[in-house]
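Chain identifiers are assigned alphabetically (A, B, ...) following the order of the sequence lines, protein sequences preceding nucleic acid strands; residue numbering begins at 1 within each chain. Computation of the quantities below employed the complete heavy-atom set of this structure, encompassing side-chain atoms and omitting hydrogens, waters and symmetry-equivalent molecules.
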There are 2 protein chains.
Amino acid sequence: MTVTTQRVAEQLRKAILGGHLAPGERVRQEEVAQQLGASRLPVREALQMLAAEGMVEHEPNKGARVPWLSMREVDVMYKMREQLEPLALAESMPFLLPGDLLRLEEIQDEIEAGVSVEQFLALDREFHLRTYSACGIDHLNATVTRLWNSTQYYRRAFMQISGPSRRWVVNAEHRLLMDALGRGDEIDAGRFLAGHIRRTRIELNRHPEVFGED
Amino acid sequence: MTVTTQRVAEQLRKAILGGHLAPGERVRQEEVAQQLGASRLPVREALQMLAAEGMVEHEPNKGARVPWLSMREVDVMYKMREQLEPLALAESMPFLLPGDLLRLEEIQDEIEAGVSVEQFLALDREFHLRTYSACGIDHLNATVTRLWNSTQYYRRAFMQISGPSRRWVVNAEHRLLMDALGRGDEIDAGRFLAGHIRRTRIELNRHPEVFGED
DNA sequence: CTGCCACGCATTGGATCCAATTGCCAGCCC
DNA sequence: GGGCTGGCAATTGGATCCAATGCGTGGCAG
């Protein structure tokens, strides 16, 4: 059975997002190929794609590895999110359908019902990215998605060391945002979203141990 | 002589940025391979990379083409620049050396001496991107560079139809920005830069013919 | 004359083979 | 004993071959 480049890329993304490939780890083509039952070629090409997306670093003749990010890099990436996601939300809001808002309710209810860290990460991610996708601007969505992908590892580490109070804060902020979305209040929605991201960033900065920088 | 993937990607980027490959044009692997004296493989891989960067669209089994962007897409991409570039500038300013500012002077002097559209595009690009690179955040620089790359075609079309008054405005705004940089005034620099991009975006919106949307 | 199906060409995608580069380790010279 | 050098193993990179996909064209039937 032949395995396509797209499929390999997908699997590798999942492995990195799922934390099965941690920063610093080398990604050997042969190894991945065997594991997925593919030949090396689609793996090579998938790695080139992921390199262009920033999910792996690819030094010629040396191979690919999952990059370490410094605390400052992640900090700046959160600042990028703080700038871009309110824009994405504003561009999306005119196109949001009632069904989209219902789905947000579902996700948030599920989060509040109490879920594992892994489920929380997935649901939180869907909560945010789903609100932006309606804007229909590929470049914007791809950029935001890349920011989420590259920082996922550190978000996980952060959630694992922070207590339930962190969840309460997130839940409250999500509810505020959903309320503004329900009212169609673009100003408030943007403000709440930016504040949510900014506060998360500041909170992250209190935990250098997440980055091995304590 | 064997040609590397990196080199092919570089050449293709240059061809697209230089306008030799216009939106809508197909990019056939065989053709590019012959033209660069490479085999098809590095071309394939380069195209995968460019696809991940958004410089080409790549539909499986159908091939790559340079994407058309709608006026709205470019508008949103300028809004992204308006959000991201002041951030990049703020992150860079603490690291800017006197030599960097001198280089900006050189570039701006050259622009004002009167240059062709093609030279203007290159110099303007260097003027801006150079001010950001000192920040040292790869993800931020790559994102901003992608925005410049993907919109270059439309910037060229815009410059070609706009008269010299457009240049005067740009020059004045560049000088204001340089002045703020020289003073180390981060607030003003960010404000001038954001305004510069915003006004350019608004000006672009007055010319739907650039996008074939009149 | 028109619509549909089948065949063939053009092009892309994957597998395999071989070359080139890197890193490492041993052995040797200073 | 330390450092340099040469060669070997591991891994990546490129070329070529073959399969699969898509698209256009031409012929045949209605």
- Message: Applying the ring pair (Phe, Tyr, Trp, His ring centres under 6.0 Å) criterion to B/Tyr154, which one of B/Phe211, B/Trp148, B/Trp68, B/Tyr78 satisfies it?
- Response: B/Phe211
- Query: Taking NZ, NE, NH1 and NH2 as the nitrogens, is one of them in A/Lys79 or A/Glu82 under 4.0 Å from a carboxylate oxygen of the other?
  - Reply: no
- Mind calculating the distance between CZ (A/Arg7) and P (C/dG14) to the nearest angstrom? 13 Å
- Query: What integer distance in Å separates A/Glu45:CD from D/dT12:P?
  - Reply: 15 Å
- Find the distance B/Arg44:CZ to D/dG13:P and express it as a whole number of Å. 15 Å
- Is A/Arg166 reaching over with its side chain to a backbone N or O of A/Ile161, donor-acceptor style, under 3.5 angstrom? no
- Query: What's the CG-C1' distance between A/Leu41 and C/dT16, to the nearest Å?
  - Reply: 10 Å
- Task: Give the rounded distance in Å between these two atoms: CD of B/Gln48 and P of C/dG13.
- Result: 7 Å
- N-O pairing of B/Glu118 and B/Arg156 below 4.0 Å: yes
- Message: Quiz question: going by heavy-atom distance under 3.5 Å, is there a donor-acceptor pair between the base of D/dG13 and the side chain of A/Arg40?
- Response: yes
- A/Arg28 near the nucleic acid: base, sugar-phosphate alone, or nothing, with a heavy-atom cut-off under 4.0 Å? sugar-phosphate
- Do the charged groups of B/Arg13 and B/Glu10 touch, with an N to O distance under 4.0 Å? no
- Can you tell me how far C1' of D/dC23 sits from CZ of B/Arg65, to the nearest Å? 13 Å
Restricting to nitrogen or oxygen on both sides, can you table the protein-nucleotides 22-25 of chain C pairs closer than 3.5 Å?
| residue | atom | partner | partner atom | Å |
| --- | --- | --- | --- | --- |
| C/dG23 | OP1 | A/Lys62 | NZ | 3.3 |

- Distance check: side-chain N/O of B/His58 vs OP1/OP2 of C/dT11, anything under 4.0 Å? no
- Message: Just the rounded figure in Å: distance from P of D/dG14 to CG of B/Leu36.
- Response: 13 Å
- Task: Give me the one residue out of A/Arg44, A/Glu45, A/Gln48 that meets side-chain hydrogen bond (donor to acceptor under 3.5 Å, both in side chains) with A/Thr5.
- Result: A/Glu45
- Could you tell me whether A/Val8 contacts a base, only the sugar-phosphate backbone, or nothing, with contacts defined as non-hydrogen atoms closer than 4.0 Å? nothing
- Please work out if B/Arg26 contacts a base, only the sugar-phosphate, or nothing of the nucleic acid, heavy-atom cut-off 4.0 Å. sugar-phosphate
- For D/dA15, does OP1 or OP2 lie under 4.0 Å from any side-chain N or O of B/Ser39? yes
- Query: Is a salt bridge present between B/Glu31 and B/Arg26, judged by a nitrogen-to-oxygen distance below 4.0 Å?
  - Reply: no
- Message: Rounded to whole Å, please give me the gap between CG in B/Leu47 and C1' in C/dG13.
- Response: 13 Å
- C/dG13 phosphate, OP1 or OP2: any side-chain N/O from A/Thr4 under 4.0 angstrom? no
- Message: Measuring to OP1 and OP2 of D/dA20, would you say a side-chain N or O of A/Thr2 lies under 4.0 angstrom away?
- Response: no
- Kindly point out which of D/dG14, C/dG13, D/dT12 is positioned nearest to the side chain of A/Gln29? D/dT12
